[in-house]
Visitor: 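Let me give you the structure first, and then I'll get to my questions.
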Amino acid sequence: MSTQSSRFAARLMVAPSVALLLIWMIVPLAMTLYYSFRLYRLLSPDRTGWVGFTNYTWFVKSPDFWLAMFNTLALVGGVLVITVVLGMLIALLIDQPVKGQGVLRILVIAPFFVMPPVAASIWENLFMHPQNGLFAAVARGFGAEPILFLENYPMLSVIGIVSWEWLPFATLILLTALQSLSSEQLEAAEMDGASALSRFRYIILPHATRAITVVILIQTIFLLGIFGEIFTTTQGGPGSASTTLPYMIFKQAIAAKDIGRAAAGGIIAVILANIVAYFLMRSIGKHLDA
């Protein structure tokens with residue numbers, strides 16, 4: 001049993017790293033909050049001053065704001081549905097004993113290690129290009145006109161690209177959960193006459209609930225900040241059709257050189273992320289303790 005002095009010594013040794021972590025987190029957030037209430041434009045640095053909630057008001061009243069909010073939530077929701085459903089199906093497939101299983105698993109998780117701008121560029125030029133892309137070649141092979149994915153379906157295209165990137169992560173987590181499932185339960189259910197669908201519904205799916213929860217929580221945190229794929233492919237267009245909240249903040253900071261408005265957008269993004277995380281933890285986080 002640890003004594004009071006040993007516990008104090010442990011806290012004392014951990015204190016520097018905790019203090020450094022707090023400074024690392026609090027200082028940027030505090031500076032962002034400070035500039036969100038000020039007029040600070042890089043093109044006119046002589047014009048400064050306290051503007052209160054003007055930057056926040058501009059952001060909320062902007063015609064692109066609510067579309068960006070919708071696109072952000074649609075991106076998160078769409079990618080989660082695709083990765084969880086396909087990830088479960090692929091995990092069930094590669095969990096079966098087949099020849100070359102190790103190589104197959106490596107190929108499945110390989111896209112996760114591709115950098116987002118590189119992955120987006122691959123999809124834009126090798127798959128979705130209206131003249132030289134694979135999808136265009138297939139369409140012409142069937143006598144149809146190539147689909148302009150990034151022009152006509154920009155948000156769906158981005159969701160598809162991001163889903164391809166995050167599918168290996170979901171598959172790996174779900175495959176780990178399946179491998180921890182006792183084969184005796186499945187064999188007993190099969191001997192009792194349970195169909196494959198019944199075994200999946202009443203044995204496999206409940207067992208994988210915690211893994212699905214982990215996938216949803218972790219992916220949501222990262223998906224709320226997706227930027228590189230949009231910057232590489234659609235640049236938020238056509239118009240603002242594929243503009244998300246992070247990309248809208250980028251346009252204010254880099255294109256408009258308005259640091260005050262960009263900071264206000266950053267604070268709004270932080271609030272949105274916390275709201276989403278709160279409801280996620282309330283609705284599905286309880287499965288982590290099950």
Side-chain angles (χ1 to χ4, degrees), residues 21-79 115-121 124 150-151 153-159 161-162 165 219-279:
L21 181 61
L22 287 175
I23 294 174
W24 186 273
M25 296 170 57
I26 292 176
V27 170
L29 182 60
M31 291 182 65
T32 304
L33 186 63
Y34 170 76
Y35 284 114
S36 69
F37 292 107
R38 295 186 62 83
L39 175 64
Y40 185 25
R41 297 174 181 170
L42 298 180
L43 296 179
S44 54
D46 54 314
R47 296 179 56 197
T48 60
W50 190 266
V51 294
F53 288 94
T54 302
N55 292 325
Y56 292 92
T57 303
W58 178 90
F59 234 94
V60 174
K61 290 184 177 181
S62 172
D64 295 336
F65 175 73
W66 295 108
L67 177 60
M69 290 282 287
F70 174 80
N71 287 339
T72 302
L73 296 178
L75 174 63
V76 174
V79 173
M115 296 298 292
V118 176
S121 182
E124 179 183 15
L150 297 176
E151 289 79 6
Y153 309 101
M155 205 61 225
L156 290 177
S157 301
V158 172
I159 291 175
I161 294 172
V162 178
E165 294 174 349
Q219 285 193 176
T220 300
I221 294 172
F222 287 95
L223 293 175
L224 286 171
I226 288 295
F227 169 79
E229 295 84 348
I230 297 175
F231 178 78
T232 305
T233 56
T234 65
Q235 289 81 47
S240 299
S242 59
T243 296
T244 58
L245 187 56
Y247 197 82
M248 187 177 179
I249 296 171
F250 161 79
K251 289 198 295 185
Q252 288 302 313
I254 304 302
K257 310 296 183 184
D258 196 326
I259 304 303
R261 289 178 180 175
I267 296 299
I268 294 174
V270 170
I271 295 173
L272 173 64
N274 279 274
I275 292 175
V276 172
Y278 172 78
F279 283 105

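Everything quoted here is computed from the prediction, not taken from an experiment. FYI, side chains are in, hydrogens and waters are out, and symmetry mates aren't considered; it's all heavy atoms of this structure.
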Visitor: Among residues at least two apart in sequence or on other chains, which ones pass side-chain contact (heavy atoms from CB on, under 4.5 Å) with Leu150?
Guide: Glu124, Met128, Ser157, Thr233, Thr234

Visitor: Do you know the tightest heavy-atom contact between Glu151 and Pro238?
Guide: O-CG, 3.3 Å

Visitor: Are any of the side-chain heavy atoms of Leu75 and Leu223 separated by less than 4.5 Å?
Guide: no

Visitor: Tell me if the CZ atom of Phe231 is crowded by more than 12 foreign heavy atoms within 6.0 Å.
Guide: no

Visitor: With under 30° as parallel and over 60° as perpendicular, where do the rings of Phe53 and Phe37 fit, or are they tilted in between?
Guide: perpendicular

Visitor: Tell me if a side-chain donor or acceptor on Lys257 pairs with a main-chain N or O of Ile254 at a distance below 3.5 Å.
Guide: yes

Visitor: Got Phe65 and Ile268 here, is their nearest side-chain heavy-atom distance under 4.5 Å?
Guide: yes

Visitor: What is the minimum heavy-atom distance between Ala253 and Ile259, and which atoms define it?
Guide: O-CD1, 4.2 Å

Visitor: Take atom CH2 of Trp50 as the centre, draw a 6.0 Å sphere, and report whether it contains more than 12 heavy atoms from other residues, nucleotides or ligands.
Guide: yes

Visitor: Applying the side-chain contact (heavy atoms from CB on, under 4.5 Å) test to Thr72, which of Thr244, Ile226, Leu67 qualifies?
Guide: Thr244

Visitor: Apply side chain to side chain donor-acceptor pair (under 3.5 Å) to the pair Ser240 and Asp64, showing each step before the final yes or no.
Guide: CA-CA 7 Å; Ser240 299; Asp64 295 336; 3.1 Å; yes

Visitor: Would you say the side-chain atoms of Thr32 pair up with the backbone N or O of Pro28, donor to acceptor, closer than 3.5 Å?
Guide: yes

Visitor: Going from OG1 on Thr243 to CD1 on Ile230, what distance comes out if it is rounded to the nearest 0.5 angstrom?
Guide: 7.5 Å

Visitor: So, the side chain of Thr54 versus the backbone of Val51: is there a donor-acceptor pair under 3.5 Å, distance only?
Guide: yes

Visitor: To check you understand the geometry: which heavy-atom pair defines the closest contact between Ala262 and Ile249, and what is its length?
Guide: O-CG2, 3.5 Å

Visitor: Look at atom CZ of Phe250 and say whether more than 12 heavy atoms of other residues, nucleotides or ligands are closer to it than 6.0 Å.
Guide: yes

Visitor: Within the supplied structure, the quantity of interest is the number of heavy atoms (other residues, nucleotides, ligands) at a distance under 6.0 Å from Tyr35 OH; does it exceed 12?
Guide: no

Visitor: Is there side-chain contact between Ser62 and Met248, with at least one heavy-atom pair below 4.5 Å?
Guide: yes

Visitor: Hey, which of Lys251, Gln252, Arg41 is the one that makes side chain to side chain donor-acceptor pair (under 3.5 Å) with Asp258?
Guide: Arg41

Visitor: At what distance, to the nearest 0.5 angstrom, does CG of Leu29 lie from CD1 of Ile267?
Guide: 5.0 Å

Visitor: Please name the pair of heavy atoms, one in Pro246 and one in Leu224, separated by the smallest distance, quoted to 0.1 Å.
Guide: CG-O, 3.2 Å

Visitor: Ignoring hydrogens, what is the shortest heavy-atom contact between Gly236 and Ser242? Give both atom names and the distance.
Guide: C-OG, 3.1 Å

Visitor: What heavy-atom pair brings Ala119 and Glu165 nearest, and what distance separates the two atoms?
Guide: CB-OE2, 3.1 Å

Visitor: Taking the side chain as C-beta and beyond, is there a heavy-atom pair between Arg47 and Leu39 under 4.5 Å?
Guide: yes

Visitor: Taking atom CZ of Arg261 and atom CZ of Arg38, what is their separation to the nearest 0.5 Å?
Guide: 16.0 Å

Visitor: For Phe59 together with Tyr56, are the ring centres under 6.0 Å from each other?
Guide: no

